[in-house]
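First listed ligand is number 1; within each ligand, the first listed atom is number 1.
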Amino acid sequence: MSKNLKPICLLIITMALGLLSGCQKNVDTANRTEEILGTIITGTVYGAMTEAELSAALDSAFLRAVELENIFSAKTSDSELTKVNETAYTAPVRISDELYLVLERSLYYAELSNGAFDPTLGKLITLWGIGTETAAIPAADSLSAYINRHNYKNVILNEDDQSVAFINDEFSLDLGAIAKGYVADEMKRILVEEYGIESALLNLGGNVITIGSKTDGSPWNIGIADPDEPTSSIVSIQITNQTVVTSGNYERYIEEDGVRYHHIIDGGTGYPANNGLVSTTIITDKSIDADALSTATYVLGLDASMELIESLDNVEAIFITDEGEILTTSGISEKVKVLSGE
Ligand code: FAD
Ligand code: MG
């Protein structure tokens, strides 16, 4: 190599190294775990920022979850939803943007699923109390006093004054099957829009949402719990920037005489849904949609759910039947890996 070329080569190598280190930057990470919404929320964010900056991003996202819990909780006496439940049958109640949006989506999914997902099952859900210390199989006469009183068509939203009114006092709202999804979307929005996070994984008690891909550019691998052994995964699915939400009969339940009574109620019977599915997973972009659809499909059963999900754009599903069969919609079969159970 001539003397003149040597410095040029060195310069090129130095520039290349500079570019390489520019590409790789120093990727740091921050983690958080908190109990909010009666479930464990974990968050991990990655980025070319300091750990303090990443922590500040997580602080804001978790703070938003607490803020939203105070709006949507059916379990606390001072939430916005509780106030609506106490007064909306007497006169229309003006509500927050967040509650209006989630109620609107709830009524949309109630209609789409022909009432399989129904936000007006609050009184029946409280009667069963699954997931609380007072959970018990209701006596036949108390069950019949609550059955067929719910009806999502009796919730009237008025866009002009952003209010909600109930047609009667025979039902109450419970948003436990959809609000967690909205909280996940909001946590993601804050991380992306306010902090520029490009890679993150949030898990809200089985309701997973991702930002971008892993820092090496590969997709996230999300495990879906084995209904027979929920601490291990039966299926894994690869996703990028999407959400994976599962409803299962193993999440919250009581057992009596060998029968499991879980927390997803079939409004038609007043009993926990028993239509052949034990786990339903929805994969799509928005967690609010995935959450509502995971519950709706659980109640609908396999055939109606396959038909419903195949009719929706950009929504996929994995169903596990009570026989242990694992079925997927057509758009994701290649991204799903069965780990055991076959
Ligand atoms: P999903 O299938 O998504 O939802 C099932 C839940 O939706 C049921 O528990 C019931 O509430 C409701 N539901 C049942 N059947 C239907 C149906 N057919 N249609 C529509 N809805 C139905 N849990 C606690 O133990 N303590 C708390 O303090 C607490 N606070 C919460 C506050 C908020 C704002 C939210 C959203 C939830 C809270 N939860 C609490 C409940 C908990 O976090 C989960 O929402 C619940 O366990 C159900 O979530 P899932 O994903 O397992 O099931
Ligand atoms: Mg749900």
Side-chain angles (χ1 to χ4, degrees), residues 34-41 64-82 98-99 102-103 105-107 109-135 150-152 155 171-184 186 203-209 225 227 230 243-253 261-275 277-282 284 286-301 317:
E34 278 181 40
E35 194 178 334
I36 311 171
L37 312 168
T39 195
I40 304 293
I41 303 188
R64 182 70 175 141
V66 173
E67 236 172 61
L68 293 173
E69 180 177 33
N70 292 331
I71 294 178
F72 299 120
S73 179
K75 296 187 194 298
T76 53
S77 59
D78 55 355
S79 73
E80 188 179 0
L81 185 70
T82 299
E98 292 92 336
L99 187 54
V102 173
L103 279 178
R105 276 326 256 169
S106 297
L107 298 183
Y109 280 111
E111 185 74 26
L112 186 74
S113 67
N114 206 12
F117 168 93
D118 191 327
T120 63
L121 284 169
K123 289 193 177 181
L124 256 180
I125 289 165
T126 308
L127 179 69
W128 277 92
I130 306 291
T132 71
E133 282 172 8
T134 56
H150 66 279
N151 186 344
Y152 66 91
V155 178
F171 65 91
S172 68
L173 292 169
D174 181 301
L175 301 174
I178 189 168
K180 219 162 53 163
Y182 178 68
V183 173
E186 277 294 285
N203 186 347
L204 293 77
N207 189 327
V208 172
I209 193 162
T243 184
V244 177
V245 176
T246 301
S247 288
N249 71 345
Y250 52 86
E251 301 271 4
R252 290 169 182 228
Y253 61 87
Y261 299 90
H262 59 81
H263 67 143
I264 302 169
I265 304 293
D266 182 335
T269 62
Y271 273 80
N274 184 19
N275 290 322
L277 293 174
V278 290
S279 166
T280 52
T281 297
I282 304 293
T284 189
K286 292 268 178 210
S287 216
I288 189 171
D289 302 319
D291 199 358
L293 285 169
S294 73
T295 310
T297 50
Y298 195 103
V299 177
L300 283 171

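- The shortest N/O to N/O separation between T39 and ligand 1 does not fall below 3.5 Å.
- Using modelled atom types, one side-chain atom of S106 and one backbone atom of V102 make a donor-acceptor pair closer than 3.5 Å.
- Using a 4.0 Å cut-off between heavy atoms, L121 contacts ligand 1 through its side chain alone, with no backbone atom that close.
- When only non-hydrogen protein atoms are considered, atom 51 (O) of ligand 1 lies nearest to K180 NZ, 3.0 Å.
- Residue contacts with ligand 1 for A116 involve N, CA, C or O but no side-chain atom from C-beta outward (heavy atoms, distance under 4.0 Å).
- With a 4.0 Å heavy-atom cut-off, ligand 1 is reached by the side chain of D174 but not by its N, CA, C or O.
- Residues D291 and Y182 bring no donor and acceptor atom of their side chains to less than 3.5 Å of each other.
- Inclusion of T246 in the set of residues having an N or O under 3.5 Å from an N or O of ligand 1 is not warranted.
- Checking Y298 against the Mg ion (ligand 2), every N/O/S atom stays at or beyond the 2.8 Å cut-off.
- Residue K75 has no N or O atom closer than 3.5 Å to an N or O atom of ligand 1.
- Using a 4.0 Å cut-off to heavy atoms of A179, the atoms of ligand 1 that qualify are 36 (C).
- Protein heavy atom closest to atom 1 (P) of ligand 1, with residue, atom name and distance, is T295 OG1, 3.4 Å.
- Atom 43 (O) of ligand 1 has its closest protein heavy atom at L37 O, 2.4 Å.
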